Amino acid sequence: MDLGSVVSRLNVLTPPALAEGWDNVGLLVEPSPPHQVHKLLLTNDLTEDVLDEAIDTGANMILSYHPPVFKALKRITQKSWKERLVVKALEKHLAVYSPHTSCDALANGVNDWLARALGPSKSVPLRASTSLTYPGGVGHLLEFRLDPAGNIMSRLNGIQGVSVCTSTARHDGDNGTRVSLSCSQNALVEVLSILSEEPQVYNSLQLLTLQKPPLVDTGMGRLCTLSEPVSIAAALERIKKHLHLPHLRLALGRGRTLESSVSMAAVCAGSGSSILSGVPAELYLTGEMSHHDVLDAVAEGRSVVLCEHSNSERGYLQELGGQIRQALEGQVQVVVSQRDRDPLQVV
(Lines give C-alpha, C1' and ligand atoms only; values in the text may rest on other atoms or scores of the structure.)
Protein backbone atom coordinates (compact mmCIF):
# COMPACT_ATOMS: atom_id res chain seq x y z
CA MET A 1 0.00 0.00 0.00
CA ASP A 2 1.24 3.49 -0.83
CA LEU A 3 2.60 5.41 2.18
CA GLY A 4 0.13 8.26 1.65
CA SER A 5 -2.79 5.82 1.88
CA VAL A 6 -1.37 4.21 5.02
CA VAL A 7 -0.91 7.58 6.72
CA SER A 8 -4.42 8.72 5.75
CA ARG A 9 -5.93 5.61 7.31
CA LEU A 10 -3.79 5.92 10.45
CA ASN A 11 -4.91 9.54 10.80
CA VAL A 12 -8.54 8.37 10.71
CA LEU A 13 -7.87 5.61 13.25
CA THR A 14 -5.85 7.86 15.62
CA PRO A 15 -6.84 11.46 14.74
CA PRO A 16 -3.91 13.87 15.28
CA ALA A 17 -6.46 16.50 16.40
CA LEU A 18 -6.98 14.48 19.61
CA ALA A 19 -3.31 14.81 20.59
CA GLU A 20 -2.11 17.23 23.25
CA GLY A 21 -0.89 20.59 21.93
CA TRP A 22 2.68 19.95 23.12
CA ASP A 23 2.92 16.59 21.37
CA ASN A 24 4.51 15.68 18.03
CA VAL A 25 2.32 13.15 16.25
CA GLY A 26 1.69 11.88 12.74
CA LEU A 27 4.21 11.13 10.00
CA LEU A 28 7.65 12.09 11.33
CA VAL A 29 10.05 10.57 8.79
CA GLU A 30 9.08 10.32 5.12
CA PRO A 31 11.33 8.62 2.55
CA SER A 32 11.37 9.93 -1.01
CA PRO A 33 8.29 8.85 -2.99
CA PRO A 34 7.11 6.53 -4.26
CA HIS A 35 7.19 4.52 -1.04
CA GLN A 36 5.23 1.28 -0.74
CA VAL A 37 4.49 -0.21 2.68
CA HIS A 38 4.36 -3.99 2.81
CA LYS A 39 5.35 -4.48 6.46
CA LEU A 40 4.70 -2.22 9.46
CA LEU A 41 6.55 -2.69 12.76
CA LEU A 42 4.89 -1.47 15.98
CA THR A 43 6.97 -0.39 18.95
CA ASN A 44 6.47 1.61 22.12
CA ASP A 45 9.87 3.29 21.81
CA LEU A 46 11.99 3.53 18.68
CA THR A 47 15.49 2.75 19.89
CA GLU A 48 18.50 1.88 17.75
CA ASP A 49 17.92 -1.80 18.58
CA VAL A 50 14.32 -1.61 17.38
CA LEU A 51 15.40 0.21 14.23
CA ASP A 52 17.87 -2.59 13.49
CA GLU A 53 15.03 -5.07 14.06
CA ALA A 54 12.88 -3.23 11.51
CA ILE A 55 15.70 -3.40 8.97
CA ASP A 56 16.49 -7.06 9.72
CA THR A 57 12.84 -8.10 9.34
CA GLY A 58 12.23 -6.16 6.12
CA ALA A 59 9.82 -3.54 7.45
CA ASN A 60 9.04 -0.49 5.30
CA MET A 61 7.47 1.55 8.08
CA ILE A 62 7.63 1.88 11.87
CA LEU A 63 4.82 3.05 14.11
CA SER A 64 6.40 4.22 17.35
CA TYR A 65 3.90 4.99 20.11
CA HIS A 66 6.30 7.59 21.54
CA PRO A 67 7.57 10.09 18.95
CA PRO A 68 11.31 9.54 18.43
CA VAL A 69 11.53 13.12 17.16
CA PHE A 70 10.06 15.33 19.87
CA LYS A 71 12.27 18.35 20.44
CA ALA A 72 13.40 20.20 17.34
CA LEU A 73 16.58 18.86 15.77
CA LYS A 74 18.92 21.66 14.66
CA ARG A 75 21.18 19.27 12.77
CA ILE A 76 21.11 15.67 11.55
CA THR A 77 24.50 14.13 12.34
CA GLN A 78 25.89 11.00 13.96
CA LYS A 79 26.38 12.75 17.32
CA SER A 80 23.17 11.76 19.16
CA TRP A 81 21.16 8.56 18.96
CA LYS A 82 17.97 10.32 17.87
CA GLU A 83 19.80 12.02 15.00
CA ARG A 84 21.21 8.64 14.00
CA LEU A 85 17.69 7.20 13.99
CA VAL A 86 16.55 9.75 11.42
CA VAL A 87 19.65 9.29 9.25
CA LYS A 88 19.42 5.50 9.23
CA ALA A 89 15.65 5.45 8.70
CA LEU A 90 16.02 7.61 5.60
CA GLU A 91 19.01 5.62 4.35
CA LYS A 92 17.01 2.39 4.68
CA HIS A 93 13.81 3.92 3.25
CA LEU A 94 11.84 3.49 6.48
CA ALA A 95 8.87 5.76 7.22
CA VAL A 96 8.20 6.60 10.88
CA TYR A 97 4.80 7.50 12.33
CA SER A 98 3.76 8.26 15.92
CA PRO A 99 0.21 8.50 17.38
CA HIS A 100 1.17 9.01 21.08
CA THR A 101 -1.43 11.14 22.92
CA SER A 102 -3.98 10.60 20.14
CA CYS A 103 -4.06 7.01 21.42
CA ASP A 104 -4.14 8.25 25.02
CA ALA A 105 -7.37 10.13 24.34
CA LEU A 106 -8.97 7.65 21.98
CA ALA A 107 -11.98 5.56 23.02
CA ASN A 108 -10.69 1.98 23.22
CA GLY A 109 -7.19 3.45 23.27
CA VAL A 110 -4.35 2.92 25.69
CA ASN A 111 -6.13 4.31 28.77
CA ASP A 112 -9.18 2.10 28.27
CA TRP A 113 -6.79 -0.84 27.82
CA LEU A 114 -5.00 0.07 31.08
CA ALA A 115 -8.31 0.53 32.91
CA ARG A 116 -9.22 -3.08 32.13
CA ALA A 117 -6.36 -4.13 34.41
CA LEU A 118 -8.65 -3.35 37.35
CA GLY A 119 -11.43 -5.66 36.21
CA PRO A 120 -15.01 -4.87 35.14
CA SER A 121 -15.80 -1.20 35.62
CA LYS A 122 -17.56 1.82 34.18
CA SER A 123 -15.01 4.41 33.11
CA VAL A 124 -15.13 8.01 31.96
CA PRO A 125 -12.29 10.33 30.84
CA LEU A 126 -10.67 12.39 33.56
CA ARG A 127 -10.30 15.25 31.09
CA ALA A 128 -12.60 15.04 28.09
CA SER A 129 -11.40 15.88 24.60
CA THR A 130 -13.35 18.32 22.48
CA SER A 131 -14.51 17.70 18.94
CA LEU A 132 -12.17 18.30 16.04
CA THR A 133 -11.32 21.97 15.77
CA TYR A 134 -12.93 24.45 13.41
CA PRO A 135 -11.14 24.95 10.08
CA GLY A 136 -8.63 27.72 10.62
CA GLY A 137 -8.77 27.46 14.40
CA VAL A 138 -11.34 28.61 16.95
CA GLY A 139 -14.84 29.32 15.67
CA HIS A 140 -16.77 32.57 16.18
CA LEU A 141 -20.40 33.63 15.79
CA LEU A 142 -21.15 37.27 14.94
CA GLU A 143 -24.64 38.77 14.92
CA PHE A 144 -25.44 42.29 13.72
CA ARG A 145 -28.06 44.47 12.02
CA LEU A 146 -27.54 45.52 8.44
CA ASP A 147 -29.81 48.18 6.95
CA PRO A 148 -29.48 48.66 4.06
CA ALA A 149 -27.37 45.66 3.03
CA GLY A 150 -25.15 47.56 0.59
CA ASN A 151 -22.12 45.70 -0.71
CA ILE A 152 -21.00 44.40 2.69
CA MET A 153 -22.75 41.07 2.24
CA SER A 154 -21.01 40.24 -1.01
CA ARG A 155 -17.64 41.10 0.52
CA LEU A 156 -18.30 38.96 3.58
CA ASN A 157 -19.43 36.02 1.48
CA GLY A 158 -16.20 36.23 -0.46
CA ILE A 159 -14.03 35.49 2.60
CA GLN A 160 -12.82 31.91 2.98
CA GLY A 161 -14.03 30.29 6.19
CA VAL A 162 -17.18 32.45 6.46
CA SER A 163 -20.79 31.23 6.50
CA VAL A 164 -23.65 33.76 6.51
CA CYS A 165 -27.36 33.42 7.34
CA THR A 166 -29.82 36.35 7.14
CA SER A 167 -33.33 37.00 8.38
CA THR A 168 -35.75 39.92 8.32
CA ALA A 169 -36.01 41.87 11.57
CA ARG A 170 -37.83 45.03 12.62
CA HIS A 171 -35.94 47.82 14.33
CA ASP A 172 -37.51 51.15 15.31
CA GLY A 173 -40.56 50.28 13.19
CA ASP A 174 -38.53 49.59 10.02
CA ASN A 175 -37.69 46.28 8.36
CA GLY A 176 -34.01 45.44 8.32
CA THR A 177 -31.68 42.50 7.94
CA ARG A 178 -30.40 40.48 10.86
CA VAL A 179 -27.17 38.69 10.01
CA SER A 180 -25.69 35.63 11.73
CA LEU A 181 -22.15 34.99 10.55
CA SER A 182 -19.87 32.15 11.59
CA CYS A 183 -16.17 32.27 10.83
CA SER A 184 -12.81 30.83 11.77
CA GLN A 185 -10.17 32.59 13.82
CA ASN A 186 -8.20 33.20 10.63
CA ALA A 187 -11.14 35.01 9.01
CA LEU A 188 -12.21 37.03 12.06
CA VAL A 189 -9.85 39.99 11.58
CA GLU A 190 -10.91 40.48 7.96
CA VAL A 191 -14.61 40.26 8.89
CA LEU A 192 -14.22 42.84 11.66
CA SER A 193 -12.28 45.14 9.35
CA ILE A 194 -15.16 45.18 6.84
CA LEU A 195 -17.83 45.66 9.52
CA SER A 196 -15.91 48.53 11.14
CA GLU A 197 -16.35 50.56 7.95
CA GLU A 198 -20.01 50.94 8.93
CA PRO A 199 -20.14 52.33 12.51
CA GLN A 200 -23.88 51.67 12.86
CA VAL A 201 -23.38 48.04 11.89
CA TYR A 202 -20.31 47.64 14.11
CA ASN A 203 -22.10 49.12 17.14
CA SER A 204 -24.87 46.51 16.83
CA LEU A 205 -22.35 43.67 16.72
CA GLN A 206 -22.39 40.79 19.19
CA LEU A 207 -19.49 38.36 19.12
CA LEU A 208 -19.46 34.87 20.63
CA THR A 209 -16.58 32.40 20.68
CA LEU A 210 -17.78 28.92 19.76
CA GLN A 211 -16.58 25.78 21.48
CA LYS A 212 -17.07 22.27 20.21
CA PRO A 213 -18.81 19.91 22.66
CA PRO A 214 -16.78 17.26 24.50
CA LEU A 215 -16.43 13.91 22.78
CA VAL A 216 -18.10 11.07 24.65
CA ASP A 217 -15.65 8.46 26.02
CA THR A 218 -12.67 10.37 24.60
CA GLY A 219 -10.01 12.19 26.60
CA MET A 220 -7.04 11.85 28.92
CA GLY A 221 -6.98 9.33 31.76
CA ARG A 222 -9.93 7.33 33.06
CA LEU A 223 -11.95 7.38 36.27
CA CYS A 224 -13.12 3.82 36.88
CA THR A 225 -16.03 2.79 39.07
CA LEU A 226 -15.53 -0.90 39.72
CA SER A 227 -18.49 -3.23 39.28
CA GLU A 228 -17.56 -4.78 42.62
CA PRO A 229 -15.14 -3.39 45.22
CA VAL A 230 -11.83 -5.24 45.59
CA SER A 231 -9.00 -5.11 48.08
CA ILE A 232 -5.79 -3.33 47.16
CA ALA A 233 -4.04 -6.70 47.29
CA ALA A 234 -6.51 -8.19 44.78
CA ALA A 235 -6.19 -5.12 42.54
CA LEU A 236 -2.41 -5.55 42.50
CA GLU A 237 -2.69 -9.15 41.34
CA ARG A 238 -5.11 -8.15 38.58
CA ILE A 239 -2.74 -5.42 37.39
CA LYS A 240 0.27 -7.76 37.37
CA LYS A 241 -1.65 -10.31 35.33
CA HIS A 242 -2.91 -7.74 32.82
CA LEU A 243 0.53 -6.15 32.33
CA HIS A 244 2.47 -9.45 32.52
CA LEU A 245 4.71 -8.04 35.25
CA PRO A 246 6.13 -9.84 38.30
CA HIS A 247 6.56 -6.65 40.32
CA LEU A 248 4.90 -3.27 40.82
CA ARG A 249 5.71 -0.29 43.00
CA LEU A 250 3.10 0.54 45.64
CA ALA A 251 2.62 3.50 47.96
CA LEU A 252 -0.22 2.84 50.39
CA GLY A 253 -2.41 5.80 51.16
CA ARG A 254 -2.39 7.14 54.71
CA GLY A 255 -4.49 4.87 56.90
CA ARG A 256 -4.75 2.17 54.21
CA THR A 257 -3.65 -1.46 54.25
CA LEU A 258 -3.44 -4.14 51.56
CA GLU A 259 -6.90 -5.28 52.65
CA SER A 260 -8.44 -1.81 52.23
CA SER A 261 -11.28 -1.74 49.72
CA VAL A 262 -11.13 -0.04 46.33
CA SER A 263 -14.36 0.89 44.56
CA MET A 264 -13.07 3.80 42.46
CA ALA A 265 -9.70 4.09 40.74
CA ALA A 266 -8.07 6.60 38.42
CA VAL A 267 -5.68 5.49 35.68
CA CYS A 268 -3.38 7.31 33.30
CA ALA A 269 -0.93 5.59 30.99
CA GLY A 270 2.62 6.96 30.98
CA SER A 271 3.35 9.80 33.37
CA GLY A 272 0.14 10.51 35.24
CA SER A 273 0.90 13.28 37.74
CA SER A 274 -0.75 16.17 35.90
CA ILE A 275 -3.89 14.18 35.03
CA LEU A 276 -4.36 12.32 38.32
CA SER A 277 -3.58 15.13 40.76
CA GLY A 278 -6.49 15.68 43.13
CA VAL A 279 -8.78 13.10 41.49
CA PRO A 280 -11.12 11.66 44.18
CA ALA A 281 -10.24 7.98 43.84
CA GLU A 282 -8.94 5.42 46.32
CA LEU A 283 -6.27 4.12 43.95
CA TYR A 284 -4.11 5.70 41.26
CA LEU A 285 -2.59 3.51 38.53
CA THR A 286 0.03 4.99 36.22
CA GLY A 287 3.50 4.38 34.84
CA GLU A 288 5.39 6.98 36.82
CA MET A 289 4.86 9.91 39.20
CA SER A 290 7.30 12.24 40.87
CA HIS A 291 8.30 11.58 44.48
CA HIS A 292 6.46 14.64 45.76
CA ASP A 293 3.29 13.90 43.78
CA VAL A 294 3.24 10.43 45.33
CA LEU A 295 3.63 11.99 48.79
CA ASP A 296 0.68 14.32 48.08
CA ALA A 297 -1.54 11.42 47.02
CA VAL A 298 -0.55 9.28 50.02
CA ALA A 299 -1.26 12.14 52.43
CA GLU A 300 -4.79 12.33 50.99
CA GLY A 301 -5.33 8.63 51.68
CA ARG A 302 -4.92 7.57 48.03
CA SER A 303 -2.78 4.57 47.20
CA VAL A 304 -0.48 4.77 44.17
CA VAL A 305 0.55 1.90 41.91
CA LEU A 306 3.46 2.51 39.53
CA CYS A 307 4.47 0.04 36.82
CA GLU A 308 7.12 2.13 34.96
CA HIS A 309 6.28 4.43 32.09
CA SER A 310 6.28 2.22 29.02
CA ASN A 311 4.97 -0.85 30.88
CA SER A 312 1.70 1.03 31.24
CA GLU A 313 1.47 1.32 27.44
CA ARG A 314 3.34 -1.51 25.70
CA GLY A 315 0.68 -4.20 26.06
CA TYR A 316 -1.76 -1.99 24.16
CA LEU A 317 0.28 -2.46 20.98
CA GLN A 318 -1.30 -5.88 20.44
CA GLU A 319 -4.76 -4.31 20.36
CA LEU A 320 -3.58 -1.39 18.24
CA GLY A 321 -2.04 -3.85 15.79
CA GLY A 322 -5.41 -5.54 15.31
CA GLN A 323 -7.10 -2.19 14.71
CA ILE A 324 -4.44 -1.22 12.16
CA ARG A 325 -4.74 -4.51 10.28
CA GLN A 326 -8.46 -3.90 9.94
CA ALA A 327 -7.97 -0.27 8.87
CA LEU A 328 -5.44 -1.34 6.21
CA GLU A 329 -7.75 -4.15 5.05
CA GLY A 330 -5.03 -6.77 5.45
CA GLN A 331 -2.91 -5.26 2.69
CA VAL A 332 0.02 -4.57 5.05
CA GLN A 333 1.67 -7.07 7.40
CA VAL A 334 1.58 -5.62 10.92
CA VAL A 335 3.93 -7.01 13.59
CA VAL A 336 4.91 -5.98 17.12
CA SER A 337 8.58 -5.48 18.00
CA GLN A 338 10.34 -8.21 19.95
CA ARG A 339 13.23 -5.95 21.00
CA ASP A 340 11.19 -3.11 22.49
CA ARG A 341 11.28 -3.08 26.29
CA ASP A 342 11.19 -0.72 29.24
CA PRO A 343 14.72 0.54 30.01
CA LEU A 344 14.23 -0.01 33.75
CA GLN A 345 14.40 -3.40 35.45
CA VAL A 346 13.95 -4.56 39.01
CA VAL A 347 17.18 -6.39 39.97
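For clarity, every value in this text was computed on a predicted model and none was experimentally measured.
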Problem set entry | Beyond-backbone contact of Met220 with Cys268, side-chain heavy atoms, under 4.5 angstrom | no

For this session: Indicate yes or no for a side-chain donor-acceptor contact from Asp23 to the backbone of Thr101 under 3.5 Å, with no hydrogens or angles considered.
Result: yes

For this session: Treating Ile, Leu, Val, Met, Phe, Trp and Tyr as nodes and any side-chain heavy-atom pair under 4.5 angstrom as an edge, say whether Met289 and Leu223 lie in one connected cluster.
Result: yes

Exercise. Which heavy atom in Pro67 sits nearest to a heavy atom in Ser98, and how many Å separate them?
Worked result: N-OG, 3.2 Å

For this session: Return yes when atom CD of Gln338 has more than 12 non-hydrogen atoms of other residues, nucleotides or ligands closer than 6.0 Å, and no otherwise.
Result: no

For this session: Quick one: pull up CG in Leu320 and CG in Leu106 and give me the separation to the nearest 0.5 Å.
Result: 9.0 Å

Problem set entry | Short side-chain to backbone donor-acceptor contact, Arg249 and Leu306, under 3.5 Å | no

Exercise. At their closest point, which heavy atom of Leu85 faces which heavy atom of Pro68, and how far apart are they?
Worked result: CD1-CB, 4.2 Å

Exercise. Is the side chain of Ser277 donor-acceptor paired with the backbone N or O of Ser273 at a distance under 3.5 Å, no angle test?
Worked result: no

Exercise. Side-chain heavy atoms under 4.5 angstrom apart, residues restricted to Ile, Leu, Val, Met, Phe, Trp, Tyr: same cluster for Leu146 and Leu207?
Worked result: yes

Problem set entry | Any Leu3 side-chain heavy atom under 4.5 Å of Pro33 side chain | no

For this session: Kindly state each residue pair satisfying ring pair (Phe, Tyr, Trp, His ring centres under 6.0 Å) with at least one member in residues 32-60, sequence neighbours excluded.
Result: none

Problem set entry | Verify same cluster id: Leu13, Leu41 (apolar side-chain graph, 4.5 Å) | no

For this session: Taking all heavy atoms of Leu40 and all of Ile324, pick out the closest pair and write down the distance.
Result: CD2-CG2, 3.8 Å

For this session: Keeping the roles fixed (side chain from Gln345, backbone from Pro343), state whether a donor-acceptor pair exists under 3.5 Å.
Result: no

Exercise. Which distance, rounded to the nearest 0.5 Å, do you find between the CD of Glu30 and the CE of Met61?
Worked result: 9.5 Å

Seminar exercise, completed: Between the CG atom in Asp340 and the CZ atom in Arg314, the distance rounded to the nearest 0.5 Å is 4.0 Å

Problem set entry | Test item: Ser312 side-chain N/O and Gly270 main-chain N/O as donor-acceptor pair under 3.5 Å | yes

Exercise. Can we say Glu20 and Arg127 salt-bridge, meaning some charged N sits less than 4.0 Å from an Asp/Glu carboxylate O?
Worked result: yes

Problem set entry | Polar side-chain atom of Asn311 near backbone of Leu243 as donor-acceptor pair, under 3.5 Å | no

Exercise. Any side-chain heavy-atom pair from Ile76 and Leu90 closer than 4.5 angstrom?
Worked result: no

Exercise. Hey, any chance Leu317 and Val335 share a hydrophobic cluster, counting ILVMFWY side chains that come within less than 4.5 Å of each other, even indirectly?
Worked result: no

Problem set entry | Thr47 (side chain) donor-acceptor with Val50 (main chain) under 3.5 angstrom | yes

Exercise. Any side-chain heavy-atom pair from Tyr97 and Val37 closer than 4.5 angstrom?
Worked result: no

For this session: Please list, chain by chain and in numerical order, all residues satisfying side chain to side chain donor-acceptor pair (under 3.5 Å) with Arg256, sequence neighbours excluded.
Result: none

Exercise. Can you list every side-chain hydrogen bond (donor to acceptor under 3.5 Å, both in side chains) pair that touches residues 79-88, not counting sequence neighbours?
Worked result: Glu48-Arg84, Asp52-Lys88, Thr77-Glu83, Ser80-Glu83

For this session: Let me see the working for Leu156 and Leu195 under side-chain contact (heavy atoms from CB on, under 4.5 Å), right down to the final yes or no.
Result: CA-CA 9 Å; Leu156 292 173; Leu195 295 180; 4.1 Å; yes

For this session: With sequence neighbours left out, write down each residue that passes side chain to side chain donor-acceptor pair (under 3.5 Å) with Glu190, or none if nothing qualifies.
Result: none

Problem set entry | Side-chain donor or acceptor of Asn44 paired with backbone N/O of Tyr65 under 3.5 Å | no

Problem set entry | Donor-acceptor side-chain pairing of Tyr316 and Asp104 below 3.5 angstrom | no

Exercise. What's the spacing between Thr177 OG1 and Arg145 CZ if we round to 0.5 Å?
Worked result: 11.5 Å

For this session: Using the side-chain hydrogen bond (donor to acceptor under 3.5 Å, both in side chains) rule, collect all pairs that involve residues 225-243, keeping only residues at least two apart or in two chains.
Result: Trp113-His242

Problem set entry | Chi angles and distances behind the side-chain contact (heavy atoms from CB on, under 4.5 Å) call for Ile239, Cys307 | CA-CA 9 Å; Ile239 295 167; Cys307 57; 5.5 Å; no

Seminar exercise, completed: So CD1 of Ile232 and OG of Ser303: to nearest 0.5 Å the spacing works out to 3.5 Å

Exercise. Would you say Val334 and Ile62 are hydrophobically clustered, going by side-chain heavy atoms of ILVMFWY under 4.5 Å?
Worked result: no

Exercise. For the side chain of Ser260 and the backbone of Thr257, is there at least one donor-acceptor N/O pair under 3.5 Å apart?
Worked result: yes

For this session: Please report the closest heavy-atom contact between Val294 and Val304, naming both atoms and the distance.
Result: CG2-CG1, 4.4 Å

Exercise. At their closest point, which heavy atom of Tyr284 faces which heavy atom of Leu276, and how far apart are they?
Worked result: OH-O, 3.1 Å

Exercise. With a 4.5 Å limit on heavy-atom distance, are the side chains of Val179 and Ile152 in contact?
Worked result: no

Problem set entry | Partners passing side chain to side chain donor-acceptor pair (under 3.5 Å) against Asp217 (at least two apart in sequence or in another chain) | none

For this session: Compare all side-chain heavy atoms of Pro99 with those of Val25 and state whether any distance is below 4.5 angstrom.
Result: no

Exercise. Is there a side-chain contact (heavy atoms from CB on, under 4.5 Å) between Leu46 and Leu51 once you walk through the steps?
Worked result: CA-CA 7 Å; Leu46 180 53; Leu51 182 59; 4.1 Å; yes

Exercise. From Ser123 OG over to Asn111 CG, what is the distance, rounded to the nearest 0.5 angstrom?
Worked result: 9.0 Å

Seminar exercise, completed: In terms of heavy-atom contacts, Ala105 and Ser129 come closest through CB-OG, 3.6 Å

Problem set entry | Heavy-atom neighbours of Gln326 CD exceed 12 at 6.0 Å | no

Exercise. Counting N and O atoms only, with roles assigned by atom type, does the side chain of Arg222 sit under 3.5 Å from a partner on the main chain of Leu114, one being a donor and the other an acceptor?
Worked result: no

Problem set entry | Close side-chain approach of Arg254 and Glu300, heavy atoms under 4.5 Å | no

Exercise. Should Leu94 and Val29 count as side-chain neighbours, where that means a heavy-atom distance under 4.5 Å?
Worked result: no

Exercise. side-chain contact (heavy atoms from CB on, under 4.5 Å) between Val96 and Val69: does it pass, once the steps are laid out?
Worked result: CA-CA 10 Å; Val96 179; Val69 179; over 6 Å; no

